[in-house]
Amino acid sequence: MLLYAVRRVLGAVPLLLGVATVVFLVLALAPGDPASVYLKPGMSPETLEQIRRNLGLDAPLHVQYGRWLLSFLQGDFGQSLAGGMPVKDRILAVLPNTLLLASVALFLAFAAGILIGVVQAVRQHSLLDSVLSGGSLLFYSMPSFWLAIMMILVFSVNAGNVWGWPVSFPPSGIASDGHDLMGPMEQIRDRIRHLTLPALTLALVLAGGIARYVRSSMLEVMGQDYIRTARAKGLPEWRVVWKHALRNALIPVVTLMGVYVPLLLGGTVFIEYVFAWPGMGRLMVESILLEDYPVVLAGTFLFGAMVVLGNLLADLLYGVVDPRIRHGHG
Amino acid sequence: MKRAVPCSLLIAVVLTACTEAHDATGRGAHAGFCEAVLAQVDSFMATVAGDRPGGARYGGMAVVGAPAELGGMNAFAHGDAGAVQHQMFVNLMTLVRYDEKLEPMAYLARSWDVSEDESELTFHLRDDIYWHDGHLTTAYDVAFTYLTAVDPRSGFPNPAFFQNYLPGEGGVEVVDSFTVRFRLRPHAEYMDPWRTVAIMPRHLLGDVPPEALARHPYGEVCPVGNGPFRFVSRSPGDRWVFGANPSFPPELGGGAYLDRYVYRVIPEQTTLLAELLTGGVDVHVAMFPNHARRAEAEPGLRVLSFPYRSVLFAGWNSRVGKLSDPRLRRALTLGVNRRQIMEGIHGEQAVLVNSGIPPVHWAFDPTLGDSFPYDPGRARDLLEAAGWTDRDGDGIREDPEGAPLRIELIMNQNQERQEVAEIMRVQLREVGVDLGPRVLEFGTLMGRITSPQRDFEGVLVSWEAEFRLDERDLFHSEAVDGLWAFSGTMDPVLDRHLDTLQLVVDRASAIPVWHAYQNRIMDVHPNTYLYSSYRRNGVRDRLRDVVMDARGEWASIREWWIAPEDRRTP
């Protein structure tokens, strides 16, 4: 299995480089100028040209691409055009934030989605099934941007100040100002409080879709002969549902994980923007708007790598949930 | 995969061959720079920590939330409005600063002399201003800042500041460690550059090639200033943290009252308002008008508004055939109800303008008032006179060849501009003009209006005037190929006024010329000037002595304080 995983990862490198190259060309062909961020009233064309030279933007396209690729192959992502920080530092400063948010949201989404889907399948056609279906559909079809603002209004602005709820959450950021002055337990609590709203928002949107998948998968499994056999053996219903049915129903759901990793990373863009969460999504959008191609290229490569890893994870999980599938011999 | 590795190597070899040796960025050359200087800052700050006075006003943390990130603290590279204010008032120092009447007052310079013929300007510096790493700020730093700023290789964003100073070594002389002399041609507002250009540390940046300064880590990763706040940390795209500088001289009021000042980046305005309402931030910079109304109604909050130096206008590209006719440009102004738009968006917190000179500036001519009021009848007459008639009855005018009067108006994603453009579209339709608003991202917009091709017809843009007014780049015939001459105006009368204004040294003599200039702008009518709106900033009541005016939001930050009982408890 390990050999299989290594082969999959290495095999994706040329593909990811190809994607980054296409992105480079698209950015280069797009209208606009990365140096325009430095434009100021009173600036002469000569000064602008000097700034372009200082940023290395005066070189022909193939030379710029060559510089980037050469650095990249040496493990150096270059320097951001908007400011000059090393791209590696810019990405390392925000990547853990996105991974934290995405992984917590993914966990919450799958936990909630599986639970809701199972309950719906077990209580098919009941009022509870209808209510949960309606709720899932509602959150599934909500724009995450709008939902995020509603979450802030309800659980942050109104919860504490207006309605006097005992719990309210900070509307934005990854930690409070003065976080470094807090004790260790207080710091953890502070992080969790800041993570709650963005992670819940992301999870709510995703959980609806997962629940629909689990429900239909469970219904299909529940009609199988071996479930009837399990019941005939006199096994308690919870054991039939959670051990026999769910394990088999999860096989197609695992595929979702591979699909949801890129979806989740894309979905974090809006969430990071609204909740001022300093993450990869925001960095990428801001860099695209500024045509900061070193950051965009490195980010594209990383996003691509995460998609590959997500799909690989899904394939490996297949082997875990379905004993009939084993990797490593092909 | 077996083929992928040799392929990558081959590409690398080929690219090595075609890639010229280039590292103007100094990439990798500054490894360890930041660690070393920040350690020195910590060490110096520890030695002067005892100098920080006690008292009820000292202590606490204030948080300012704003939608935009700060560029950085490098005055040679970071020219965005927020960054410049942080250089001027927070982390660094300028030679002089403006008082509330916008008159220069001593700051890093204790005093200054001007020679009788106004060709020499001598600054006498304070001898007690320390960089946050313990080095004294001297005249050599000032000379270094000037020489680097006027060196074209540095790409300093505001070279026009010093266009009347003698360039190069001949323009500056270090008389002694705390006296520096500049040579210049007599000109108006010669002190203004020293209000806004922060002095930079020669001992840290003097050895950096000018072309590498913009990408040096100093400005973004480890700024070492000499102002009332020292740099503590930065999380890019998220926040900057500054701490009080105890070594700031008592004669200038001593270090800041606040122990800590945090600048937070919160791009979504609704979230920013939520942070203000819930106490997460103490100041919300640049509020939407409707958000300001919401904040005003909230107990514990106040909104500080002040007239600012920006002017919103629709610029018309007179290089485009139809827009070269001033009658059409005047009709476009007369066909827009500017007052209604202004009051609808800003209420009473904006002033109509008829040129790019903001009402807050001493050169503004208040007698022009509501010139060119909404007059669709007159707009129609002007269009008829210019040959634009609705020949096919579709409500849109055509020229004699049948080409419809369509004008594309481009703008960036700014919400207010999109609203204004939409209202303009509806109102101009009434007089037979088909205005087509189009939103572009900032880089594309700037590329279209500043490139030699000038690929646009109209642009809705906000222009922020400096205190030292100079509209040569916009309207002088000699600058018509420059970046900012997007209107393509060439008018000998405007040229004459602009040339005269370069040489008038005192304000009293300059005012009549500026007024004549504004009248001529109305005649030539290069743009449809709309209004100059106030800046609105929400402030929590617990933060005291916050003064915000045309100098900027951070002008009084050293005096901000929070009573002990109102402070955050981390």
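Chain identifiers are assigned alphabetically (A, B, ...) following the order of the sequence lines, protein sequences preceding nucleic acid strands; residue numbering begins at 1 within each chain. Quick caveat, the model's predicted, so the values are computed rather than measured.
Looking at B:Glu275, the atoms closer than 4.5 Å to chain A (heavy atoms on both sides) sit in the backbone and in the side chain alike. Residue contact with chain A, scored on non-hydrogen atoms closer than 4.5 Å, is absent for B:Ser233. With a 4.5 Å cut-off on non-hydrogen atoms, A:Ser176 touches chain B through its backbone but not through its side chain. Using a 4.5 Å cut-off between heavy atoms, B:Phe156 touches chain A through its backbone atoms (N, CA, C, O) alone. Only the side chain of B:Arg264 comes within contact range of chain A, with heavy atoms under 4.5 Å apart. There is no contact between A:Phe169 and chain B, counting heavy-atom distances below 4.5 Å. Only the side chain of B:Pro159 comes within less than 4.5 Å of a heavy atom in chain A; its backbone stays farther off. Using a 4.5 Å cut-off between heavy atoms, B:Arg472 does not touch chain A at all. Of the two parts of B:Val63, only the side chain, counted from C-beta on, holds a non-hydrogen atom closer than 4.5 Å to a non-hydrogen atom of chain A.
Considering only heavy-atom pairs separated by less than 4.5 Å from chain B, the leading option among A:Leu48, A:Val274, A:Ile51 is A:Val274. The candidate from B:Glu471, B:Glu441, B:Glu464 with the greatest count of non-hydrogen atom pairs under 4.5 Å with chain A is B:Glu441. Per-residue counts of heavy-atom pairs under 4.5 Å with chain B were compared for A:Asp89, A:Ile174, A:Asp180; the largest is that of A:Asp180. Here B:Arg153 is the residue among B:Arg153, B:Met61, B:Glu466 with the most heavy-atom pairs under 4.5 Å with chain A. Chosen from B:Gly447, B:Gly155, B:Gly219, B:Gly65, the residue pairing most often with chain A at heavy-atom distances under 4.5 Å is B:Gly155. The residue among B:Pro157, B:Ala77, B:Ala160 with the most heavy atom pairs within less than 4.5 Å of chain A is B:Pro157. Ranked by heavy-atom pairs under 4.5 Å with chain B, the list A:Glu286, A:Arg90, A:Glu49, A:Arg282 is led by A:Arg282. Of the residues considered (B:Asp481, B:Leu272, B:Ile266), B:Ile266 shows the highest number of contacts with chain A, using heavy-atom pairs under 4.5 Å.
The shortest side-chain heavy-atom distance between A:Ile152 and B:Thr270 does not fall under the 4.5 Å cut-off. The shortest distance between side-chain heavy atoms of B:Pro152 and A:Glu46 does not fall below 4.5 Å. In this structure, A:Ser168 and B:Thr278 have side chains that are not in contact, with every pair of non-hydrogen atoms separated by 4.5 Å or more.
Considering every non-hydrogen atom in both A:Ile149 and B:Glu268, the closest pair reads CD1-OE2, 4.1 Å. Nearest heavy atom pair, residue A:Ser80 against residue B:Arg215, reads O-NH2, 3.2 Å. Annotation for A:Ser172 and B:Thr271: closest pair CB-CG2, 3.5 Å, computed over non-hydrogen atoms. Closest approach of B:Arg239 and A:Asp177 over heavy atoms only: NH1-OD1, 2.6 Å.
Separation of atoms CD (A:Gln50) and CD (B:Glu211) is listed at 7.0 Å; rounding is to 0.5 Å. Separating the CG atom in A:Leu283 from the CG atom in B:Asp238 is a distance of 12.5 Å, to the nearest 0.5 Å.
Legend: residues meeting salt bridge (charged side-chain N to carboxylate O under 4.0 Å, His left out) with B:Glu69, ordered by chain and number and at least two apart, are B:Arg234.
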